[in-house]
J.: 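Take this structure first; my questions come after.
Per chain, numbering begins at 1; letters A, B, ... match sequence-line order.
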Protein chains: 2
Amino acid sequence: MSDTEVNDVLERLCNLLRMETRAFGQKYGLQPVQIDALTYLTQCNRYSNTPQAVGEYLGLTKGTISQSLKVLEQKSLLRKLPDEQDKRVVHLTPTAKGKKLIENAIADKSLAPALANSTKITELASVLRSTLRKVQQMNKRKAFAACHTCRFNEQSKKGYLCGLTQEPLSAQDIQLICREHEYPS
Amino acid sequence: MSDTEVNDVLERLCNLLRMETRAFGQKYGLQPVQIDALTYLTQCNRYSNTPQAVGEYLGLTKGTISQSLKVLEQKSLLRKLPDEQDKRVVHLTPTAKGKKLIENAIADKSLAPALANSTKITELASVLRSTLRKVQQMNKRKAFAACHTCRFNEQSKKGYLCGLTQEPLSAQDIQLICREHEYPS
DNA sequence: AATTATAGTATCGAATCGAAACTATAATTA
DNA sequence: TAATTATAGTTTCGATTCGATACTATAATT
């Protein structure tokens, strides 16, 4: 009864967010998918900023996303850097211009002010987090969540360590989205 | 601090819902926008089932949405009925096949099971409702909400009445989305 | 050394999308 | 009442997304 209502509200919020993304993009000659891709690239870690990962994150094929990334590069919103170890791999890093644009895109949305001064914000965050987690576990795709909730993330006196790559992670690092993320079982 | 997190979670939920809508549509040769339009038409009232309204609801131009509706009609998922009073207007009503398809689309999503058994569902619903309301009031578009929260909706002993059209509304009617909806000031 | 797998790009056809032109009907105004 | 203006919807055009497929280059496996 009440959960179909939550469902409807969430669906409608999605519609509205998409409309706003479309409207914002139009001011800069950008498509919604381009905004989405660039947003992801400002939030993901160094293991996850590849065309492949962007495609998986957004549920699009690599061929499709490749075209959108080409446009973003042509508009100087991101740069492509070849990987040092694996020469097949390309890393995508937003330029200052690209980062600024995404900042504006987020600020332009009516979601942020709608959440401001919301009294039960902490509780809302907690319920939404667990909902997202269930959805992620349910749909059989990669979770694409931040390292601090990952089962590979280890904490010692020296700081954080990724058990998968065996690389140390900073406090900022563990807030970033990782394509290798797995929830603890 | 915590509200940017809510923002991020909501954005990600939107991505995932869109991916699922795309995947579901692909099974039936339908595009995400077509699923969205048909979903709306199963939820809106008799004042709001026109091409114009669908376009406004989804933030698309009438020319654009007209093409998507043509496809839905060709696939026998909806029918077009001319309005009796105003001969310019067309009413769109989902067929049984169309309704069934949307039922399946909603059931297929991982959101419903993710919400099931959620303990704080009532509280979540309430916070989300007020968030949606703020977003709707903020972005200067029509709200497209249900009559029971509308300032034109009047309740008497005999039942409900729309103060705008002066027509009586049933208990089912006031649950439907209306394009003329306005929140009380 | 040969095979297979993977990351990314390029190309094609089908579809969305916005803009603009167009038709038909309704509402307004002179 | 006739002319004008506004509105609902469709159609057409060009730019873009999208999936599928083929392709190149590099890495991993056998």
J.: Suppose clustering is done on Ile, Leu, Val, Met, Phe, Trp and Tyr with side-chain heavy atoms closer than 4.5 Å. Which residues sit in the same group as A:F152?
T.: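 In the cluster with A:F152 are A:L164.
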J.: Give the table of side-chain donor-acceptor pairs shorter than 3.5 Å for residues 65-77 of chain B, with sequence neighbours excluded, one pair per line with atom names and distance.
T.:
from	atom 1	to	atom 2	distance (Å)
B:Q67	NE2	B:G63	O	3.4
B:K75	NZ	B:G29	O	3.4

J.: Mind listing the residues from residues 72-92 of chain B sitting with a heavy atom below 4.0 Å of DNA chain C? Number order is fine.
T.: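 Only B:Q85, B:D86, B:K87, B:R88 qualify.
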J.: Reading nucleotides 17-23 of chain C 5' to 3', which nucleotides get B (base under 4.0 Å from a protein heavy atom), which S (sugar-phosphate only), which -?
T.: BB-----
J.: Taking the hydrophobic residues Ile, Leu, Val, Met, Phe, Trp and Tyr, and joining any pair whose side-chain heavy atoms are under 4.5 Å apart, which ones share a cluster with A:L161?
T.: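 Its cluster partners, ordered by chain and number, are none at all.
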J.: Taking only distance into account, with no hydrogens and no angle test, what donor-acceptor pairs under 3.5 Å do side-chain atoms of residues 32-45 of chain A form with protein atoms, sequence neighbours excluded?
T.:
from	atom 1	to	atom 2	distance (Å)
A:Q34	OE1	A:Q31	N	3.0
A:T39	OG1	A:I35	O	2.7
A:Y40	OH	A:S48	O	2.8
A:T42	OG1	A:T39	O	2.6
A:N45	OD1	A:Y47	N	3.0
A:N45	OD1	A:S48	N	3.3
A:N45	OD1	A:S48	OG	2.7

J.: Using a 4.5 Å cut-off on heavy atoms from C-beta on, say whether the side chain of A:V127 contacts that of B:I121.
T.: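 No; the side chains remain at least 4.5 Å from each other.
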J.: Kindly express the pairing pattern of DNA chain D in dot-bracket notation, using | wherever a base pairs with another strand and counting only Watson-Crick or G-U pairs under 3.5 Å.
T.: ||||||||||||||||||||||||||||||
J.: Taking all atoms of both residues into account, what is the closest heavy-atom pair of A:N7 and B:L115, and its distance?
T.: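 A:N7 and B:L115 have their closest heavy atoms at N-CD1, 3.9 Å.
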J.: Using 30° and 60° as the class limits, which term best fits the ring planes of A:Y183 and A:H181: parallel, tilted or perpendicular?
T.: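 Plane angle over 60°, so perpendicular.
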J.: The criterion is salt bridge (Lys or Arg N to Asp or Glu O under 4.0 Å); which residues satisfy it with A:R79, sequence neighbours excluded?
T.: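 With neighbours one apart ignored, the set is empty.
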J.: Is there side-chain contact between B:P113 and A:M138, with heavy atoms separated by less than 4.5 Å?
T.: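 Heavy-atom side-chain distance check passes, below 4.5 Å.
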J.: Tell me which residues in residues 41-57 of chain B put a heavy atom below 4.0 Å from DNA chain D, sorted by number, or none.
T.: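 DNA chain D contact set from residues 41-57 of chain B: B:T50, B:P51, B:Q52.
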J.: Counting only heavy atoms not in B:Q166 (residues, nucleotides, ligands), do more than 12 fall under 6.0 Å from its CD?
T.: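 Check passes, neighbour count above 12.
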J.: Just do the side chain to side chain contact (heavy atoms under 4.5 Å, CB included) check on B:T131 and B:V6 with the steps written out, would you?
T.: CA-CA 11 Å; B:T131 302; B:V6 173; over 6 Å; no
J.: With sequence neighbours left out, what residues match B:D173 under salt bridge (Lys or Arg N to Asp or Glu O under 4.0 Å)?
T.: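 Partners of B:D173 by the salt bridge (Lys or Arg N to Asp or Glu O under 4.0 Å) criterion, ordered by chain and then number, come out as B:R46.
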J.: Could you name each residue pair satisfying salt bridge (Lys or Arg N to Asp or Glu O under 4.0 Å) that touches residues 99-108 of chain A, not counting sequence neighbours?
T.: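 Applying salt bridge (Lys or Arg N to Asp or Glu O under 4.0 Å) to every pair that reaches into residues 99-108 of chain A, excluding sequence neighbours, yields A:K27-A:D108, A:K100-A:E103.
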J.: At a heavy-atom distance below 4.0 Å, which nucleotide of DNA chain D is the first touched by chain A, and which is the last?
T.: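 For DNA chain D, the relevant span reads D:dT16 to D:dA27.
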J.: Does A:K87 have more than 12 heavy atoms from other residues, nucleotides or ligands lying within 6.0 Å of its NZ?
T.: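 It does not: A:K87 NZ has 12 such atoms or fewer within range.
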J.: Has the side chain of A:T21 got a donor or acceptor atom that lies under 3.5 Å from a matching backbone atom of A:L17?
T.: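 Indeed, once roles are kept as given, a pair shorter than 3.5 Å links the two residues.
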